[in-house]
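Here the structure is a predicted model, which means the values were calculated and not measured. Each chain gets a letter, A, B and so on, in the order its sequence line appears, and its residues count up from 1.
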Amino acid sequence: MYIRDTLSGQLKEFSSEDNKVKLYVCGITPYSTAHVGHARSTITFDVLRRYLEFIGFEVQHVQNFTDIDDKIIVKAREESISYKELSTRYMQEYIRDMERLNVLPAHKYPLATEAIPGIIKIVEQLIAKGYAYENDGDVYFSVRKYINYGQLSNRSIDDMIAGSRIEISEQKRHPMDFALWKASKPGDPSWESPWGNGRPGWHIECTTICLDNLGETIDIHGGGLDLVFPHHENELAQSESFTDKDPFVRFWVHNGLLNLQDEKMSKSVGNLVSIDTALEKYKPDLIRLFFLSAHYRSPLNYSDQALSNLNKGLDRLLAVLRIHPHTDFGQLDSSPFESKFIESMNDDLNTSQAVGILFELAHEINRAHLNNITVGEAQKMLKKLGGILGLKFNQSTSSGADLEDKVFDLYRQMSKMIEPSNDQGLSNLIACADSKSLDSMMDTLVAIRRKLRDANSYDLADWIRDTLAKLNLIIEDNPESSHWRWK
RNA sequence: GGCGACGUAGCCAAGUGGUUAAGGCGGAGGUCUGCAAAACCUCUAUUCGGCGGUUCGAUUCCGCCCGUCGCCUCCA
């Protein structure tokens, strides 16, 4: 498999020792509800992980929570609760949201606040080695000491200072220096350290958690494109300064950002769609399919139109999986689709192409079935390949609280309409309707319509079909048989 | 100002130095059907932002221009 590495800018063939993959994905700062942009990132790496596992790697997946930072402190104070209470709430929410999106849980979700002893050790070492300095309770990393600073984001210290709004801080020796440890203000959550009470800076928790959980060299480090600078740049600088080991990360992988009306979706802009909101409107499979329909590194515009369009496509796949295959005519060979799927995924996780292949396979299954060829194995293949993308292909079901009553009501209306016809068979069918079981009512309705259609009573047959359609119950008629399904 | 990405049909979106530029949605016609739905068949970009260059040949490589977006401050 080939993966694009941000640091080298190259497509590189992926391999690892003993077929084990150390995968570290930057998690969230839990101070507010997760949005669909977070979902895109998480799903990107979920698919990467699933695929690596599919091709035989053993993946160890670690994702952190940065559960202490300025915004958490501010927000907790606003709500008059502890930082812990606040961060716990949003961490739980996040985990639950991801579960709903069928994301495989990471093997570990380490917290920044639980890594503090390790953080302190690393900061002490960085000071001892001359990469960092303490000033009035703060500790800063000295970017000039790390000669490769800027390598990941491909920029030079001078250029960054020249163009823009770097805050000059009295405490720092160089404006680009960044905090490893921050002295805390009275009343803020704080931890004891050799430099007084304080808390970790933003990037050091990831370094520490990586080293503690995965070792000095990790195979894949992932996150959103907006983390390249400063987060990953700083993480890289401090990690390699600490370990003297190059590389810290073999593959830096970054996903493109999700836009809303061509503008990045972010907390600061406020143009957020929460995962919860998205899930109220769209099935998890659809949201995943939407993300995967574009390349993971490209920007992607979140829009209701795009999602709704894709929904028709998802319905196609679901319809194909509903086919009852013939059993006695040669099996459709779906292995070429698997090969093409793998080829696409091997090419830097080209999920867009892979999704295209799913549709091609679906089309082929429909064709084969029409020609009386058995498609059972091909259906399994479709499910299997979709599964690599984390698609569950759950058929729609919905049992509205009073749905049974509504369908039963339909019987009552029908019995009035039918009386004049004096058809004993029909009346018997109607009479045996069981208001408890939707399945049996639907089966009976299908049978009733059969009779009606045989008797050319199309008006009533159509009325039943239309009425059920309004309840999201679809009846499909074929010359020889009829079926019902959920919309 | 610096760095980077992108611009492919009505929309979403892959892709390639050269026979037919994936796939989905939408649209048109047809088959099937009592009708509808689903499915199937055919069609729907002589052309890949614009202008030059390299090349026998470029949408694909190079340069410039136009446009959109991202990063350089917290962000997945």
Whole angstroms only, please: what is the [atom1]-[atom2] distance between [X] and [N]?
X         : N      : atom1 : atom2 : result
Asp466(A) : G34(B) : CG    : C1'   : 14 Å
Phe290(A) : G24(B) : CZ    : C1'   : 13 Å
Asn478(A) : U31(B) : CG    : P     : 18 Å
Asp459(A) : A36(B) : CG    : C1'   : 14 Å
Met345(A) : G23(B) : CE    : P     : 19 Å
Arg465(A) : G34(B) : CZ    : P     : 11 Å
Leu361(A) : A22(B) : CG    : P     : 19 Å
Arg4(A)   : G4(B)  : CZ    : P     : 14 Å

- Message: At less than 3.5 Å, do the side-chain atoms of Arg40(A) and the base atoms of A76(B) form a donor-acceptor pair?
- Response: no
- Within the modelled atom types, does a donor on one side and an acceptor on the other bring the side chain of Asp462(A) and the base of G34(B) under 3.5 Å apart? yes
So [X], base contact, sugar-phosphate only, or nothing? Heavy-atom distance under 4.0 Å.
X         : answer
Asn255(A) : base
Leu258(A) : base
Ile323(A) : nothing
Gly222(A) : nothing
His254(A) : nothing
Ser308(A) : nothing
Ser153(A) : sugar-phosphate
Asp477(A) : base
Ser352(A) : base
Ala294(A) : sugar-phosphate
His231(A) : nothing
Ile28(A)  : sugar-phosphate
Gly223(A) : sugar-phosphate

- Message: Judged by each residue's nearest nucleotide on RNA chain B, which is more toward the 5′ side, Leu257(A) or Val355(A)?
- Response: Val355(A)
- Residue whose nearest RNA chain B nucleotide is more 5′ - Leu314(A) or Leu300(A): Leu300(A)
Can you figure out which of [options] approaches the side chain of [X] most closely?
X         : options                : answer
Arg449(A) : G4(B), G34(B), G15(B)  : G34(B)
Phe229(A) : C25(B), C72(B), A14(B) : C72(B)
Arg453(A) : A76(B), C35(B), A37(B) : C35(B)
Arg155(A) : G2(B), C41(B), A39(B)  : G2(B)
Asn350(A) : G15(B), C71(B), G4(B)  : G15(B)
Asn366(A) : A39(B), C25(B), A76(B) : A39(B)
Leu310(A) : G24(B), C72(B), A76(B) : G24(B)

- Message: Under 3.5 Å, is there a donor on one side chain and an acceptor on the other for Gln238(A) and Thr207(A)?
- Response: yes
- Message: When you compare the side chains of Arg453(A) and Ser482(A), does any donor N or O come within less than 3.5 Å of an acceptor on the partner?
- Response: yes
- Query: Using atom P of each nucleotide, how far apart are G24(B) and U44(B) to the nearest Å?
  - Reply: 15 Å
- Query: Centres of the Phe14(A) and Phe251(A) rings: under 6.0 Å?
  - Reply: yes
- Query: Would Tyr94(A) and His38(A) count as a close aromatic pair, with their ring centres under 6.0 Å?
  - Reply: no
- Note on the structure: Paired to A5(B) by Watson-Crick or G-U wobble criteria (both distances under 3.5 Å) is U68(B)
- Does C40(B) pair with anything, Watson-Crick or G-U wobble, both distances under 3.5 Å, and if so, with which nucleotide? G30(B)
- Message: Below the 4.0 Å mark, does G4(B) have OP1 or OP2 next to a side-chain nitrogen or oxygen of Arg297(A)?
- Response: no
- Message: To the closest 0.5 Å, what do you measure between CG (Leu310(A)) and CZ (Arg316(A))?
- Response: 12.5 Å
- Query: With a distance cut-off below 6.0 Å to the six-membered ring centre and an angular limit of 45° from the axis, does Arg144(A) pair with Tyr149(A) as a cation-pi contact?
  - Reply: no
- Give the minimum heavy-atom separation between Ala354(A) and Phe341(A), together with the two atoms involved. CB-CE1, 3.6 Å
- Matching residue for His254(A) among His232(A), His221(A), His231(A) - test: ring pair (Phe, Tyr, Trp, His ring centres under 6.0 Å): His232(A)
- Message: With the six-membered base ring of G24(B) as reference, does the ring of Phe359(A) sit under 5.5 Å away with planes under 30° apart?
- Response: no
